[in-house]
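Following: one structure in structure tokens, then a few remarks.
Since this is a predicted model, take the numbers as computed values, not measurements. Just so we're on the same page: letters track the sequence lines, and every chain starts at 1.
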There are 2 protein chains.
Amino acid sequence: MMPRATACPDVVGDLQVFKASFFKALAHPVRIGILEELVRREMSVQELQSALGLEQPLVSQQLSVLRTNNVIAGRKEGVIVRYRVRDRLVGDLLDVARAIFNNQLTGTQDLLKQLRKQSRRPLS
Amino acid sequence: MMPRATACPDVVGDLQVFKASFFKALAHPVRIGILEELVRREMSVQELQSALGLEQPLVSQQLSVLRTNNVIAGRKEGVIVRYRVRDRLVGDLLDVARAIFNNQLTGTQDLLKQLRKQSRRPLS
DNA sequence: TCTATATATTGCAATATTCGAATATATAAT
DNA sequence: ATTATATATTCGAATATTGCAATATATAGA
């Protein structure tokens, strides 16, 4: 049976459930990493693997979560699958999120430095 | 012991973990509902309760998650606690998300109608 | 066909989240 | 001190997610 996005009180609307599952799709460190790459350019699984330094099954697994939630789409080119973000607005979403983190992280200097190092979508 | 935001491969950076836990904080239907209210105006727990039609402990519980993740803050006024969104950008984030949902939902007419009905931040 | 390469899926134990019920705390009024 | 009201926390069973290992599939070339 189709796994429900979230078990939750039925007093809460379908729309909220839908929105929540979208955010849930982003709510994983590896998936964030993947998206930050894909927002810049289309990439194959291999490229993601080496860009992130992760094992292939882990990457495929998390790609599958993003695919299921319609955040990304993949097109097959022979034996290679190239993934891309489905909606350019996802880039904007990550930008706004980054701005929020920036305000929020005052204090933890390490993370702040890392955050600032991230170029603000130079390509695209 | 401080609960870790996410159990995850240590090959993934602290910053990604941090970002993921922010999105995780939004990744719940009730919490989305709460935020959509708070983005418009500061509200007490009671007001949220009746606006959303939820039990008090559930609301307090989810408020606590949002508080812990620094998404909202509450100030005490006597016996009443009024909550507000910590960063105005959260409103922008929800707006971008709404735009993405809007693009994504072509097909499921019911949800689409509901989504469009939501006024685009009339106050604030 | 056999092999190599790229990607996807499955199984499962460990861990985390959820939500409702019960209970706790804090403030104000009588 | 008692009561009432507003909010917060704790407990626990049901459920969901995670991550690793193993395995599966699909395509291309020899």
If the condition is salt bridge (charged side-chain N to carboxylate O under 4.0 Å, His left out), which residues does A:E36 pass it with, not counting sequence neighbours?
A:R98, B:K19
Going by side chain to side chain donor-acceptor pair (under 3.5 Å), name the residues that satisfy it together with A:N103, two or more places apart in sequence or in a different chain.
B:D87
Could you go through nucleotides 9-14 of chain C and list every protein N or O atom that sits under 3.5 Å from one of its N or O atoms, giving the distance for each pair?
| from | atom 1 | to | atom 2 | distance (Å) |
| --- | --- | --- | --- | --- |
| C:dT10 | O4 | A:Q61 | OE1 | 3.2 |

Just verifying a value: how many Å separate A:R31 CZ and A:L63 CG, rounded to the nearest 0.5 Å?
10.5 Å
Please report, rounded to the nearest Å, how far the C1' atom of C:dT18 is from the CD1 atom of B:I34.
14 Å
Results of side chain to side chain donor-acceptor pair (under 3.5 Å) for B:N69 - residues two or more places apart only:
none
A:F101: what forms a ring pair (Phe, Tyr, Trp, His ring centres under 6.0 Å) with it, not counting sequence neighbours?
B:F18, B:F22
Who clusters with A:V65? Use side-chain heavy atoms, under 4.5 angstrom, across I, L, V, M, F, W and Y, and order the result by chain and number.
none
Show every donor-acceptor pair shorter than 3.5 Å between a side-chain atom in residues 77-86 of chain B and any protein atom, with sequence neighbours excluded, or say none if there are none.
| from | atom 1 | to | atom 2 | distance (Å) |
| --- | --- | --- | --- | --- |
| B:E77 | OE1 | B:R82 | NE | 3.0 |
| B:E77 | OE2 | B:R75 | NH2 | 2.3 |
| B:Y83 | OH | B:R67 | NE | 3.2 |

Atom pair distance, as rounded to whole Å: CG in A:L63 and C1' in C:dA8:
10 Å
Please report the distance, rounded to the nearest Å, between CD in B:Q62 and P in D:dT7.
16 Å
To the nearest Å, how far apart are B:L66 CG and C:dT17 P?
14 Å
Using side-chain heavy atoms (C-beta onward) and a distance below 4.5 Å, is A:L48 in contact with A:L38?
yes
Expressed in angstrom and rounded to an integer, what is the separation of B:H28 atom NE2 from D:dT15 atom P?
15 Å
Interatomic distance, A:Q49 CD vs C:dT5 C1' [rounded to whole Å]
11 Å
Round to the nearest Å and state the distance from A:Q46 atom CD to C:dA4 atom P.
16 Å
B:K24 has an atom NZ; how far is it from atom P of C:dT15, in whole Å?
15 Å
Just call it for A:E47: base, sugar-phosphate, or nothing, with non-hydrogen atoms closer than 4.0 Å on any strand.
nothing
Please name all residues satisfying side chain to side chain donor-acceptor pair (under 3.5 Å) with B:Q114, sequence neighbours left out, ordered by chain then number.
none
At a heavy-atom distance below 4.0 Å, what parts of residues 73-86 of chain B sit against DNA chain D?
B:V79, B:I80, B:V81, B:Y83
